[in-house]
Colleague: 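Take a look at this one; I'll ask things after.
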Amino acid sequence: MPLFDQPRNGRVLAMADWQRTHTCGELRDSHIGQTVTLNGWVLITRNFPNQVFIDLRDRYGLTQVVVEDSDKALFDLTNTVGREYVLSVTGVVRKRIAGKERSDIPTGQVELEAKSVRVLNASPPLPFSVTEFPDEELANEDLRLQYRYLDLRRRSIQQVLMLRHRICKLIRDYMDAHGFLEMETPLLGKSTPEGARDYLVPSRVFNGEFFALPQSPQLYKQLLMISGYDRYFQIARCLRDEDLRADRQPEFTQLDVEMSFVEREDVLGVMEGLAADLLDKCLGVKLSLPLPRMSYKEAMLRYGSDKPDLRFGLEISDISDIAAESDFKVFKDCVAGGGVVRGLCAKGAADKFSNTDLKPGGKLSAFVAQFKAKGLAWMKVEGDKLTGSIEKFFPDAVKAKLKERMGAQPGDVLLFVADKESVVCDALGALRSHLGSELKLYKNWWDEKADYDAAEEKAAKKEKRAPKPFVAKPEHFQMLWVLDFPMFAYDDEEKRWVAIHHPFTAPMDEDVDRMESDPGTVRAKAYDMVLNGYEVGGGSIRIHRPDVQATVFKMLGMSIEDAKARFGFLLDALQSGAPPHGGIALGLDRWCMILAGTTNIRDVIAFPKNQKARDLMTGAPATVEGRQLKELGIELKN
RNA sequence: GGGGGCGUAGCUCAAUUGGUUAGAGUACCGGACUGUCGAUCCGGUGGUUGCGGGUUCGAGUCCCGUCGCCCUCGCCA
């Protein structure tokens, strides 16, 4: 791949004398003797009475520049340059003296003997360090976000953003090869009642009216199907005005996909092929296809989550029937009242948790309390006996059943939550994830890489060779499809049914008839792609019949008039030759996180917002001038 | 809106039970030094302990309030 412009139309592009002929990651033995020019930033200098060494860096790599004291003016100038100066250095590539080569960097066999140095720009001492030495702690994140342009100079961030580019490129190549068209959809659209809070944009021309920024291109891509564009994709920015998390930003990127004349299998097949491609080409991990599948119901029962992390076991056991046979009032009453009792068996963890951790108000019971669980019951397995304060309510026969059901062995802790099913699933699902990381039941691939790299770097240095790169293992990537989500959930606060996926998701054919009579049991043709406990994609087959769409709106408490006012164009379009269609969206930022080995979405976005959704660099959001508000017909209350 | 954690030099951190002039590493400045590669060695500058109030003979440390950042619950069709 040529980095520099080649002669065009018989004309050689003029090149200023300071412009680079090579990058800082390019020079090798084969360049020895050549006169070259490098442009880059000073990472660090090492000054001696007779020589100055400069590590010159750009996004391609790092090259050592040597300035000898034979040219006094050049030498004096070089002694004044500091970290992060931008230099143009012209010189001769030469072999490093014997025994002084570096095998750990690609340019380590050579160095650039400077003949002239031009300071393209100076730099004051920075608010934090751009170097990344092994034991160097990063500066506070808010400081780094304030000076994001400096933070982005760090090698590890540059590598992540270059990886992000590669991921996007792989996606485009894959989608193109599979016949998909990349198409754009509007940013200025219409607010929709369901779903996340919209970001609104006031209209100057129509005072009092607002555009909404898209939560996703959902409606547009369906309309493109109706228009006959068959296979569409877009790497689309989506905006949701909701509170942030470590893996959630107010603006984020999705790979948005829609296909016509397809059923669920077609969408899953195309997308798992893409997932395998990404893992293979980014990390060398071969995913075995087809991916495992699990129903929503099974995922909730066994893992308490619709995005289970399958890198470790610690499955949930339902012991409602056994609990009913005990004399423990809390359990019995719960089951009698229609609730469930379920538990986890934490292998060998009996000595990891003190009774203080376990008892009411302790760490673990406080943890489940977050999820509305009223308490955490527990027993320890000591020898062949069960111990703990509730042990006495369980007759021996019941204890035996319990141990068998949960696979309890000496040294294990049994943890129980009794409540209505949704609370039990939330609490135990979260507790399972919590214990999974707390008890180190699995390893993140990047933790394994960090261990490997540290050891390999030492070994390589000792043996004077280049370190061998880490190869991730397939077991670090546990991916599956979660299928057969319920169509509706009852919202206690709003006292109405809401769509679990979105209102355009098709119900399963065999469940359509129950939509009005028993909405809670209707399953949707929806699917989520789950990787290591992250929801990395989700989609559905859409409704393509106007009557079914109208019924769904009705179930969501929307009158015909409401639906027509809000989605009239869609209802009309569905009556105008809509093909069966469906699609999916992948969370591109989350994919980048996982492939880059980070747990923070800000690490994979060049200019992210902080947790309060403020851009610490620009200061946005900010007040605007009165004139601007006036044009928009907006008056501030205070 | 709720819960938790954090805030000390430009940066990363320390400071015993509330007790002397708030220290160290690094960056920065000056000096020494013939091949370094996070060079090394010597010296120096650098502090409203986030902010405001209170308790106390005495507060970085305790109390109240407030601001900021991170994690999390709610929220995210």
Colleague: Just name whichever nucleotide pairs with B/C6, Watson-Crick or G-U, keeping both distances under 3.5 Å, else none.
Modeller: B/G68

Colleague: Are the aromatic ring centres of A/His31 and A/His22 under 6.0 angstrom apart?
Modeller: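 Ring centroids of A/His31 and A/His22 are less than 6.0 Å from each other.
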
Colleague: Work out how far the P atom of B/C13 is from that of B/U55, and round it to whole angstrom.
Modeller: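 About 34 Å, rounded to a whole number of Å.
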
Colleague: Check every atom of B/C71, B/C76, B/U34 against the side chain of A/Ala196 and return the nucleotide holding the closest atom.
Modeller: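 The listed nucleotide nearest to A/Ala196's side chain is B/C76.
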
Colleague: Hey, does A/Asp243 reach any base, or is it just sugar-phosphate, or nothing, if we go heavy atoms under 4.0 Å?
Modeller: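 The residue A/Asp243 makes base contact.
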
Colleague: Considering every strand and a 4.0 Å limit on heavy-atom distances, what is the contact class for A/Glu132: base, sugar-phosphate, or nothing?
Modeller: nothing

Colleague: What is the distance from CD of A/Gln109 to P of B/G35, rounded to the nearest Å?
Modeller: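 These atoms are roughly 21 Å apart.
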
Colleague: Expressed in whole Å, how much space separates the P atoms belonging to B/G47 and B/A9?
Modeller: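 B/G47 and B/A9 have their P atoms separated by 10 Å.
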
Colleague: Within less than 4.0 Å of OP1 or OP2 of B/C73, is there a side-chain N or O belonging to A/Lys372?
Modeller: no

Colleague: Can you name the atoms? Protein N/O to nucleotides 10-12 of chain B N/O, anything below 3.5 Å, with the distance.
Modeller:
from: B/G10; atom 1: O2'; to: A/Pro127; atom 2: O; distance (Å): 2.9
from: B/C11; atom 1: O4'; to: A/Pro127; atom 2: O; distance (Å): 3.3
from: B/U12; atom 1: OP1; to: A/Asn140; atom 2: N; distance (Å): 2.6

Colleague: Where the side chain of A/Ala246 is concerned, which of B/G38, B/U72, B/C33 is the nearest nucleotide?
Modeller: B/U72

Colleague: Please evaluate the base of B/G38 for a donor-acceptor partner in the side chain of A/Asp135 within a cut-off of under 3.5 Å?
Modeller: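 Looking at the base of B/G38, it does pair with a donor or acceptor on the side chain of A/Asp135 (distance under 3.5 Å).
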
Colleague: Could you measure between the two P atoms, the one in B/A15 and the one in B/A24, and give it in whole Å?
Modeller: 15 Å

Colleague: Using the P atom in both, what is the distance from B/G74 to B/U49, to the nearest Å?
Modeller: 40 Å

Colleague: Mind checking if A/Arg542 touches a base, just sugar-phosphate, or nothing, with heavy atoms under 4.0 Å?
Modeller: nothing

Colleague: With A/Tyr199, which residues qualify under ring pair (Phe, Tyr, Trp, His ring centres under 6.0 Å), at least two apart?
Modeller: none

Colleague: From the options B/C37, B/C33, B/C76, select the nucleotide whose nearest atom is closest to the side chain of A/Phe48.
Modeller: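 When the side chain of A/Phe48 is considered, B/C33 is the closest of B/C37, B/C33, B/C76.
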
Colleague: So A/Leu244, base contact, sugar-phosphate only, or nothing? Heavy-atom distance under 4.0 Å.
Modeller: nothing

Colleague: Which nucleotide sits closest to the side chain of A/Glu242: B/C75, B/G35, B/U34?
Modeller: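 Output: B/C75.
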
Colleague: Return no unless some side-chain N or O of A/Gln215 is found under 4.0 Å from OP1 or OP2 of B/C76.
Modeller: no

Colleague: Determine the interatomic distance between P on B/A32 and the same-named atom on B/U17; round to the nearest Å.
Modeller: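 Between the two P atoms, the distance is 47 Å.
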
Colleague: Take atom CZ of A/Arg144 and atom P of B/C69, then tell me their distance rounded to the nearest Å.
Modeller: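 Nearest whole value for this atom pair: 15 Å.
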
Colleague: Contact class for A/Gln51 vs. all strands (heavy atom < 4.0 Å): base, sugar-phosphate, or nothing?
Modeller: base

Colleague: A/Ser123: which residues meet the side-chain contact (heavy atoms from CB on, under 4.5 Å) condition with it, sequence neighbours left out?
Modeller: A/Glu84, A/Tyr85, A/Leu126

Colleague: Less than 3.5 Å between a donor and an acceptor, one on the side chain of A/Arg602 and one on the base of B/C70, is that the case here?
Modeller: no

Colleague: Could you tell me whether A/Glu242 and A/Arg248 make a salt bridge, using a distance below 4.0 angstrom between a side-chain N and a carboxylate O?
Modeller: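 No, this pair does not count.
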
Colleague: When the P atoms of B/G54 and B/G60 are compared, how many Å lie between them, rounded to an integer?
Modeller: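 The same atom, P, in both gives a distance of 15 Å.
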
Colleague: Looking at CG of A/Leu483 and NZ of A/Lys525, how far apart are the two atoms once the value is rounded to the nearest 0.5 Å?
Modeller: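 A/Leu483 atom CG to A/Lys525 atom NZ measures 13.0 Å (nearest 0.5 Å).
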
Colleague: How close or far is atom P of B/C76 from atom NZ of A/Lys307, stated in whole angstroms?
Modeller: 14 Å

Colleague: How many whole angstroms separate atom CD of A/Glu84 from atom P of B/C28?
Modeller: 11 Å

Colleague: When you match A/Phe504 and A/Leu616 each to their closest nucleotide on RNA chain B, which lands nearer the 5' end?
Modeller: A/Leu616

Colleague: Please round to the nearest 0.5 Å and tell me the distance separating atom CD of A/Glu535 and atom NZ of A/Lys307.
Modeller: 7.5 Å

Colleague: Angle between ring planes, A/Tyr147 versus A/Tyr149, binned at 30° and 60°: parallel, tilted or perpendicular?
Modeller: perpendicular

Colleague: Within the structure shown, what part of the strands sits under 4.0 Å from A/Glu68 by heavy-atom distance: base, sugar-phosphate, or nothing?
Modeller: base

Colleague: In whole Å, measure the gap between the C1' atoms of B/G23 and B/U8 for me.
Modeller: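 Going atom to atom, C1' in each nucleotide, I get 11 Å.
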
Colleague: Under 4.0 Å, heavy atoms only, any strand: does A/Asn50 hit a base, just the sugar-phosphate, or nothing?
Modeller: base

Colleague: B/U56 pairs with which nucleotide, Watson-Crick or G-U wobble, both distances below 3.5 Å?
Modeller: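 Pair assignment: B/U56 / none.
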
Colleague: Mind checking if A/Pro125 touches a base, just sugar-phosphate, or nothing, with heavy atoms under 4.0 Å?
Modeller: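 Sugar-phosphate: the residue A/Pro125, judged by heavy atoms under 4.0 Å, touches backbone atoms but no base.
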
Colleague: Any salt bridge linking A/Arg237 with A/Glu251? Criterion: basic side-chain nitrogen under 4.0 Å from a carboxylate oxygen.
Modeller: yes

Colleague: Counting only Watson-Crick or G-U wobble pairs whose two distances fall under 3.5 Å, which nucleotide matches B/G25?
Modeller: B/C11

Colleague: Between the base of B/G35 and the side chain of A/Arg102, is there a donor-acceptor distance below 3.5 Å?
Modeller: no

Colleague: A/Arg245 has a side chain; which of B/A39, B/C71, B/C73 sits nearest to it?
Modeller: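 So the side chain of A/Arg245 is nearest to B/C73.
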
Colleague: Please give, in whole Å, the distance from B/C37 C1' to A/Arg96 CZ?
Modeller: 7 Å

Colleague: Should the pair A/Trp497 and A/Phe488 be assigned to parallel (<30°), tilted (30 to 60°) or perpendicular (>60°) ring geometry?
Modeller: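 Taking A/Phe488 first and then A/Trp497, their aromatic rings stand perpendicular (interplane angle over 60°).
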
Colleague: Take atom P in B/C73 and the same atom in B/G25, then report the distance between them in whole Å.
Modeller: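 B/C73 and B/G25 have their P atoms separated by 42 Å.
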
Colleague: Can you check the A/Asp426 CG to B/C75 P distance for me, whole Å?
Modeller: 10 Å

Colleague: Just how far, in rounded Å, is C1' of B/G5 from NZ of A/Lys363?
Modeller: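 Atom NZ in A/Lys363 sits about 14 Å away from atom C1' in B/G5.
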
Colleague: Does A/Arg83 place a side-chain N or O at less than 4.0 Å from the phosphate oxygens OP1/OP2 of B/A27?
Modeller: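 It does, given that an N or O in the side chain of A/Arg83 lies less than 4.0 Å from OP1 or OP2 of B/A27.
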
Colleague: Is A/Arg248 side chain donor-acceptor paired with the B/C75 base, going by distance under 3.5 Å alone?
Modeller: yes

Colleague: Could you report the tightest heavy-atom contact between A/Ala563 and A/Met558, atom names first, then the distance?
Modeller: CA-SD, 3.9 Å

Colleague: Could you tell me how far apart A/Arg614 (CZ) and B/C69 (P) are, to the nearest whole angstrom?
Modeller: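 Whole-Å distance recorded here is 8 Å.
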
Colleague: How long is the span from the CE atom in A/Met555 to the CZ atom in A/Arg496, to the nearest 0.5 Å?
Modeller: 11.0 Å

Colleague: If pairing requires Watson-Crick or G-U wobble contacts with both distances under 3.5 Å, which nucleotide is the partner of B/A39?
Modeller: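 Pairing partner: none.
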
Colleague: What does A/Ser216 touch in the nucleic acid at a heavy-atom separation under 4.0 angstrom: a base, only the sugar-phosphate, or nothing?
Modeller: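 Base: the residue A/Ser216, judged by heavy atoms under 4.0 Å, touches a nucleobase.
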
